[in-house]
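Right, one structure below, let's go through it.
Remember, predicted model here, so these are calculated numbers, not experimental data. Counting convention: from 1, in listed order, for ligands and their atoms alike.
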Amino acid sequence: MAAKTIAELDLQGRRVFIRVDFNVPLTPAGGVSDATRIRESLPTITHAIERGARVVLASHLGRPKGRPRPEFSMLPVAAYLAEALGQDVVLADEPAGDGAKKVVNDLRDGGVAILENLRFTPGEEANDENFSRALAAYADVYVNDAFGTAHRAHASTVGMVKYVSNKGMGFLMDREAKMLSKLLGEVARPFVAIIGGAKVLDKIGLLESLLGRADAVCLGGAMANTFLCAKGASMGRSLVESSKLPIARAFLAKAEASGVQILLPRDLVVAEDAKALAGTVVSATQVPDDRAALDIGPESIAEVSGVLARARTVFWNGPMGVFEAQPFAAGTIAVAKALAQVMGGTTVVGGGDSVAAVHRAGVASSITHISTGGGASLEFIEGKKLPGLAALES
Ligand code: ADP
Ligand code: MG
């Protein structure tokens with residue numbers, strides 16, 4: 001059966017365990033530097049409080065590698081949350097154990113507790129049975145609102161779920177699943193995918209799955225360098241994943257057979273390195289030996305913009321260049337703006353850097369859906385079943 005949402009679950013007086021994604025960036029002083037992820041889960045948490053639940057929140061934060069490390073404590077998150085909710089948030093001093101048990105048992109209806117960083121124990125990422133059972137002991141109801149971790153089978157996303165019979169998606173998870181599903185199955189055409197960024201290997205599964213579904217795939221960023229190199233272009237000092245050239249060649253051959261249009265950059269902005277104050281435009285087949293390709297050039301921007309102007313469904317992941325450096329941001333910002341102009345269609349952006357670029361371009365409100373999950377959104381669009389979502393079905 002399809003997963004329920006939290007709105008369909010009886011929460012009154014129950015211990016409602018909510019797996020959230022509070023993996024927020026921290027300031028050097030240990031404060032929350034960007035609270036977007038916390039704010040995204042507030043509707044789910046507030047709903048549970050208003051329904052009289054005893055709310056138990058749990059998340060990972062950073063990479064403490066399976067042992068307690070104070071710099072990755074949930075303390076700053078708990079403080080931010082208490083402020084945002086206008087009520088006490090009790091922090092357990094461990095993810096599971098007698099201290100955590102006491103904090104959960106002491107909760108009143110409408111009260112909120114948060115467990116210490118789940119990755120303070122190796123059992124979380126190992127999806128360990130004992131740790132899963134320990135977490136399940138705090139839950140009468142299980143809710144998963146951590147879309148960004150839904151592609152991982154961990155104790156808090158999969159292992160514990162089988163021990164809790166009442167379960168469902170939080171509002172954030174539900175919205176992600178609904179919106180990303182719009183790109184699976186029947187879509188308004190043309191369906192265009194823009195794939196850039198850095199890692200070919202991370203995204204090759206996605207690219208191959210798009211061959212059966214998209215009308216055009218535009219490649220940019222360092223990703224495109226590898227494909228250009230695979231086609232015989234000289235790429236100078238550009239970032240190229242040399243070990244992935246055979247994969248890139250095989251993909252281009254498959255694409256040709258499938259009839260899906262693959263657009264590679266026609267021109268590139270090159271410089272000595274990303275610290276350069278300006279770049280020069282060269283043909284995409286001839287990057288000088290002492291230069292690196294750092295952005296797509298004006299002809300390529302015009303071509304991608306033209307394709308986007310006709311598109312009805314668009315998925316974008318990965319910037320077109322080193323957009324963090326102003327001289328090499330034009331391609332990425334142009335794509336963001338062209339995406340915002342797509343009329344009456346569905347536009348979806350996934351991936352941390354691409355989402356940052358959409359905000360930088362000031363067009364976030366014109367995009368149909370901005371996913372909170374990087375890897376999770378890629379796997380979802382690829383058509384894979386995310387373990388964290390599958391666990392919620394019954
Ligand atoms: P996302 O987070 O949106 O999934 P990725 O993490 O795959 O995107 O890629 C983003 C990174 O790729 C950025 O740090 C950007 O600077 C880098 N990048 C893009 N184009 C190039 C390029 N031509 N050369 C080197 N790095 C690039
Ligand atoms: Mg990234």
Would you call Arg237 and Asp290 a salt bridge, using N to O less than 4.0 angstrom?
no
Identify, for atom 4 (O) of ligand 1, the protein heavy atom at the shortest distance, and state residue, atom and that distance.
Asn317 ND2, 3.0 Å
Among Val322, Asn225, Asp353, Val358, which residue places a heavy atom closest to atom 25 (C) of ligand 1?
Val322
Do Asp174 and Lys178 meet the salt-bridge criterion of a basic N to acidic O distance under 4.0 Å?
yes
Looking at Arg175 and Glu40, is any side-chain nitrogen of the basic one under 4.0 Å from a carboxylate oxygen of the acidic one?
yes
Report the member of Pro265, Gly321, Pro319 with the shortest heavy-atom distance to atom 18 (N) of ligand 1.
Gly321
Charged N to carboxylate O under 4.0 angstrom, Lys162 versus Glu129?
yes
Counting both backbone and side chain atoms, is some N or O of Gly350 under 3.5 Å from an N or O of ligand 1?
no
If we number the atoms of ligand 1 from 1 as shown, the ones under 4.0 Å from a heavy atom of Lys203 are 4 (O), 5 (P), 7 (O), 8 (O)
Can you name the atoms of ligand 1, numbered from 1 with element, that are less than 4.0 Å from a heavy atom of Gly318?
3 (O), 8 (O)
For the OG1 atom of Thr36 and the CZ atom of Arg39, what is their distance to the nearest 0.5 Å?
4.5 Å
Nearest non-hydrogen protein atom to atom 23 (N) of ligand 1, with distance, is Ala293 O, 3.0 Å
Going by side-chain hydrogen bond (donor to acceptor under 3.5 Å, both in side chains), Ser156 matches just one of Glu125, His60, Glu124. Which one?
Glu124
Numbering as shown, the atoms of ligand 1 that approach Gly221 to under 4.0 Å (heavy-atom distance):
20 (N), 23 (N)
Do any N/O atoms on Glu324 end up under 3.5 angstrom from N/O atoms on ligand 1?
yes
Quick one: do Glu303 and Arg266 make a salt bridge, cutoff under 4.0 Å?
yes
Pair Lys385 + Glu393: basic N to acidic O under 4.0 Å
yes
Heavy-atom nearest neighbour in the protein, as seen from atom 21 (C) of ligand 1, with distance rounded to 0.1 Å:
Ala222 N, 3.4 Å
Return the closest protein heavy atom for atom 3 (O) of ligand 1 as residue, atom name and distance.
Ser354 OG, 2.4 Å
N/O of Ala198 under 3.5 Å from N/O of ligand 1, yes or no?
yes
Which N, O or S atom name in Asp353 marks its closest approach to the Mg ion (ligand 2)?
OD2
Is the Phe251 ring parallel, tilted or perpendicular to the Phe227 ring (thresholds 30°, 60°)?
perpendicular
